[in-house]
Structure formats: C-alpha cells, structure tokens
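Here is the structure we will look at, set down as structure tokens.
These values consider heavy atoms only, across backbone and side chains, with no hydrogens, waters or symmetry-generated copies. In listed order, ligands and their atoms are each counted from 1.
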Amino acid sequence: WDLSVDELLTVLKAWCNRISELSQKPATKWVAAFKNHGKEGGASLMHSHSQIVSFNLEPPQVMAEINASRNYSGCPYCKLMENEKKSHRRVKETGSFASFTPYASRFNYETWIFPKKHTISLLEFSNDELREMAEHIKHILSRLKTIDIPYNLFLHYPPKGHDLHFHIEITPRGGIWAGFEFTTAITINSISPEFAASFLRGEVDEQGNPQL
Ligand SMILES: [Zn+2]
Ligand SMILES: [Zn+2]
C-alpha cells in the first residue's frame, strides 16, 4: 500500500511478462500471482514483494468458480458486477473497472475488482486499463492502511481452455478462522459488506464515524 499508482502499474506489467512467459512452458497449467502482507497474511519477507507460482494442475478454487458459473446462462460475474456497482456494496467505479465488497464476504473488508468488459486474462488489458486497475488497488489498499490490517491480494482467471471473468480478490485477514470455521466450513465475518464498502469509499472510519 505504500506503492504509487505508477509503481503498482510496473508490478502489474511485470506480472503480465512473467505470466506470459511461464504460460508458454508445456507443463504449466496455471500461473498464480499474489501478494501477502503482514504476518497474519502469511508474508515471509519484511520488504515489499509479491509472488508468482506456476502450477502443473488446475487450481481447485478457480475451477470451483468456473464450474459454478456453468449453472448460469451467460457470465454470472458480468451480471453481478452490473448490479453491485450500483449497490450499497459498491467501492469504486471508473471507466473500465468496478470494485465492490461481495455479498456474504468471507473476510472483514473483502473486496473484488472486476473489469467491466468480460476479459479472461491479465494479458488482454491495455496500458490505460492496467493503470485504472492500479488505481483501484491503490484506493482500496490506502483505506486498509488506515487500519493497518494484513491482507492477501490475488488474481483469478481461467486456465487455458476455460472461461471465467478475470478479477482481483483482496482478502484482509483481521479475523482468525478457528473451530467454528473448520467444523462447518462456514465463516463468521463480524463486519457487514455494506459497512465495509462505506469504509472503503472513505465515508466513515472503522468506528462508523463520518469522515470529511
Ligand atoms: Zn463476464
Ligand atoms: Zn475468484
């Protein structure tokens, strides 16, 4: 969250280069790009960094999203984003992107960033679009910085031959998953997505006091 929009744009372009190169290797089925911040976010190094890992398998979480999408006619994420950018869960909207806090968020202040156009890969975006994406990331992380919360940030897009609306998920790690979560696979989130969105829009502080 200390990086400027220009620096974030450089990171996104580096991710594009690495993903493009690693994807060409015959054994690569998918390339993960993510950032962990803070101890509870699983960060292993003190200095600012992100990680790229190529896999020889299709990631189950992404495949679950792809399989769930098949239950709908058309892309459910296109419709979801269309509704959420006008809802109480909206966070930021620009020409080509919308970010919002998902209904039934798993994590405090969880936020998703979607391109408005149905896009399946980071490599499809123009320089201007990547800059817009960086502005959304900067906006959300700047708000999270005010409460100094650890987080993960990662890309979701389909492995070759599959379709899924590209998106970024930001999952702050304020709560601890414990017995209840592991027994039931249901997570308790003490902050409503509507409150989180109002905080992330900069309207209120974490106590709910209006911000000027
Ligand atoms: Zn879509
Ligand atoms: Zn996802």
So the angle subtended at the Zn ion (ligand 2) by His156 atom ND1 and Glu65 atom OE2, rounded to 10 degrees, is 90°
Any side-chain heavy atom of His165 within less than 4.5 Å of one from Met81? yes
Is it the case that more than 12 heavy atoms not belonging to Lys160 sit under 6.0 Å from its NZ atom? yes
Write the atom name of the N, O or S atom in His167 that is nearest the Zn ion (ligand 2). NE2
Got more than 12 heavy atoms from elsewhere within 6.0 Å of CD1, Ile176? no
The atom name of the N, O or S atom in Glu169 nearest to the Zn ion (ligand 2) is OE2
Does Arg89 count as lying over the ring of Tyr103, i.e. NZ or CZ under 6.0 Å from the six-ring centre, within 45 degrees of the axis? no
Should we count NE2 of His49 as having more than 12 external heavy atoms under 6.0 Å? yes
Closer than 2.8 Å to the Zn ion (ligand 1): how many protein N, O or S atoms are there? 4
Looking at side-chain heavy atoms only, is the closest gap between Trp30 and His162 below 4.5 Å? no
Within-4.5 Å side-chain heavy-atom neighbours: Tyr151 and Trp1: yes
